[in-house]
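What you are looking at is a predicted structure, and each value in this text was computed from that prediction instead of being measured. When a residue number appears, it is its place in the shown sequence, counting from 1.
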Amino acid sequence: MHKPWSKPSMPICTTCTSYVPYLYTEYESAYNLRLEQCSVCHCFADPYVEHDSLMLLLDLILLKRGVYRHLLYNRGTKPRRPTEIKETCDVNHRAREKERWTLVLQLSVTLIFLDAFIRWSHLNSTQPMTHSPWTETLSGFTRVFTGCLAETVAFHLAILVACYFVLRLVSLVQTWRYRGAVPKSSDIKREFRFSLVSLTLFYSSLTKLFLLFLLTVWCPTPSLTSLNEPWGGEYLYDNVLVNALKVLSDEEINREWIIRNVLGGMSAGFSLRVVLDIEPMFTFIVILVGWRVKTSVTNILSTWVGGNSESAGKSWRMYSIP
């Protein structure tokens, strides 16, 4: 496995992940710049340096591979200046690693709070209030926030441990396969840090949290008319195709569960492939380990988070467990 700071670090091309000396050249002002080309693929090294935060957020939600590489490896890289003679940009590895962990902490507080609000809204919609609204709201949200925090910490720790062992396993398999002559690692593998794993998991969660927040604010109302008389005819009601489509109705399908677990798992797996640069099968194993540990923590906390309410604890488990 790559040892931290054992090799000089440089920014990477967001297209082919090769090292590049600089991402862009800045002239008289920050708005007067020229993008550098990658010497390997001959594309612009990182077009995202010209994009604003809104475009970065939209591409994160759309799971664009290039924006992950920009945010994880190139964010904050200094530009080339015409007056400088240096062939490569200087990178303070320890300072960058500290900045990454600081960003992980900031994102964790914000996104866990948002996740707790979404889950609290989901659970609170079916629970009657027996005491003061303010007291029940505060205590209920505190329990949900603590549960989300414990789940997130367990999930990230499990993913980090699984990544360590999977990378060791891949290294041993390559050593055995090539009889000690391990092939040259890609530039993105040499840049691997464990801070990148947590950071990319939080970035990937933006997709599911964005959709879950929309469902929380604009919860769809099922249409009984469309279910009782689909397309206004009794003949079509007995049609096999129509009966099959009824599975997709609001009463049968759980949008929140699908977004949180199916789409969330796909997003996490996609983002981990950007960082680990390994086969999809190994990434799938890492996600399964994280899910299993998260499920165990959910089962342990379900009764307490539900406020000793069996229905609320069951709803918490159904909403959380894959």
Is there a side-chain contact (heavy atoms from CB on, under 4.5 Å) between Trp101 and Leu199? Walk through the geometry before answering.
CA-CA 8 Å; Trp101 283 116; Leu199 192 56; over 6 Å; no

Show, in sequence, the C-alpha distance, side-chain angles and deciding distance for Leu169 and Phe282, and conclude whether the side-chain contact (heavy atoms from CB on, under 4.5 Å) test is met.
CA-CA 10 Å; Leu169 176 62; Phe282 294 109; 4.3 Å; yes

Can you check salt bridge (charged side-chain N to carboxylate O under 4.0 Å, His left out) on Lys189 and Glu191, steps first, answer last?
CA-CA 5 Å; Lys189 279 188 176 180; Glu191 284 296 312; over 6 Å; no

From CA spacing to verdict: salt bridge (charged side-chain N to carboxylate O under 4.0 Å, His left out), Asp115, Arg260
CA-CA 10 Å; Asp115 190 18; Arg260 177 173 294 279; 2.8 Å; yes

Hey, mind stepping through Tyr203 and Phe270 against ring pair (Phe, Tyr, Trp, His ring centres under 6.0 Å) and telling me if it holds?
CA-CA 11 Å; Tyr203 281 145; Phe270 172 84; over 10 Å; no

side-chain contact (heavy atoms from CB on, under 4.5 Å) between Tyr27 and Leu33, worked out:
CA-CA 6 Å; Tyr27 294 95; Leu33 56 88; 5.6 Å; no

Give the intermediate values and the outcome of side-chain contact (heavy atoms from CB on, under 4.5 Å) for residues Trp304 and Thr146.
CA-CA 10 Å; Trp304 179 77; Thr146 305; 3.8 Å; yes

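Panel note: side chain Ser267, backbone Leu263; a donor-acceptor pair is recorded below 3.5 Å. At least one donor-acceptor pair under 3.5 Å links the side chain of Arg100 to the backbone N or O of Leu72. With hydrogens and angles ignored, the 3.5 Å screen pairs no side-chain donor or acceptor of Ser198 with any backbone N or O of Ser195. A donor-acceptor distance shorter than 3.5 angstrom exists from the side chain of Thr152 to the backbone of Cys148, with no hydrogens or angles considered. Between the Thr110 side chain and the Leu107 main chain, no donor and acceptor come within less than 3.5 Å of each other. One N or O on the side chain of Arg96 and one on the backbone of Tyr73 form a donor-acceptor pair closer than 3.5 Å. Without hydrogens or angle criteria, Ser108 side chain to Leu105 main chain gives a donor-acceptor distance under 3.5 Å.
To the nearest 0.5 Å, atom OG of residue Ser204 and atom CD1 of residue Ile61 are 12.5 Å apart. Expressed to the nearest 0.5 Å, how far CG of Leu71 lies from CG of Leu56 amounts to 5.5 Å. Taking CG of Leu272 as the start and OH of Tyr68 as the end, the distance is 9.5 Å to the nearest 0.5 Å. From Leu212, atom CG reaches atom OG of Ser205 across 10.5 Å, with rounding to the nearest 0.5 Å. Here the CD1 atom belonging to Ile118 is positioned 9.0 Å from the CG atom belonging to Leu215, to the nearest 0.5 angstrom. The CD1 atom of Ile287 lies 4.5 Å from the CD1 atom of Ile159; values are rounded to the nearest 0.5 Å.
Between Asn261 and Trp291, the shortest heavy-atom contact is O-CZ2, 3.0 Å. For the pair Gln37 and His42, the tightest heavy-atom approach, listed with the atom from each and the gap, is NE2-O, 3.4 Å. Residues His156 and Leu201 share a closest heavy-atom pair of CE1-CB, 3.7 Å. Shortest non-hydrogen contact noted between Thr15 and Cys43 is OG1-CB, 4.0 Å. Closest approach of Leu301 and Gly147 over heavy atoms only: CD1-CA, 4.0 Å. Taking every heavy atom of both residues into account, Val40 and Cys16 meet most closely at CB-SG, 4.2 Å.
Clustering ILVMFWY residues whenever any of their side-chain heavy atoms sit less than 4.5 angstrom apart, transitively, puts Leu206 in a cluster other than the one holding Met55. Follow the hydrophobic side-chain contacts under 4.5 Å out from Leu157 and you never reach Val293; the two are in separate clusters. Ile258 and Met266 end up in the same hydrophobic cluster when Ile, Leu, Val, Met, Phe, Trp and Tyr side chains are linked at under 4.5 Å. Both Phe192 and Val173 belong to a single network of hydrophobic side chains, linked directly or stepwise wherever heavy atoms of I, L, V, M, F, W or Y lie under 4.5 Å apart. Under the 4.5 Å side-chain heavy-atom criterion for Ile, Leu, Val, Met, Phe, Trp and Tyr, Leu58 and Leu60 are members of distinct hydrophobic clusters.
Between Lys208 and Ile259, some side-chain heavy-atom pair lies under the 4.5 Å cut-off. With a 4.5 Å cut-off on side-chain heavy atoms, Arg190 and Tyr19 count as touching.
The ring-ring contact (aromatic ring centres under 6.0 Å, His included) check on Phe44 picks up nothing, with sequence neighbours excluded. Shown here are the ring-ring contact (aromatic ring centres under 6.0 Å, His included) partners of Phe117, two or more places apart in sequence or in another chain: there are none. Taking the ring-ring contact (aromatic ring centres under 6.0 Å, His included) definition, one finds that Phe284 meets it with nothing, sequence neighbours left out.
Side-chain contact, Tyr48 with Asn74: no donor N or O sits under 3.5 Å from an acceptor N or O.
Heavy atoms of other residues, nucleotides or ligands lying less than 6.0 angstrom from CZ of Arg292 number 12 at most.
Looking at Asp59, Asp46, Thr14 one by one, the single match for side chain to side chain donor-acceptor pair (under 3.5 Å) with His70 turns out to be Asp46.
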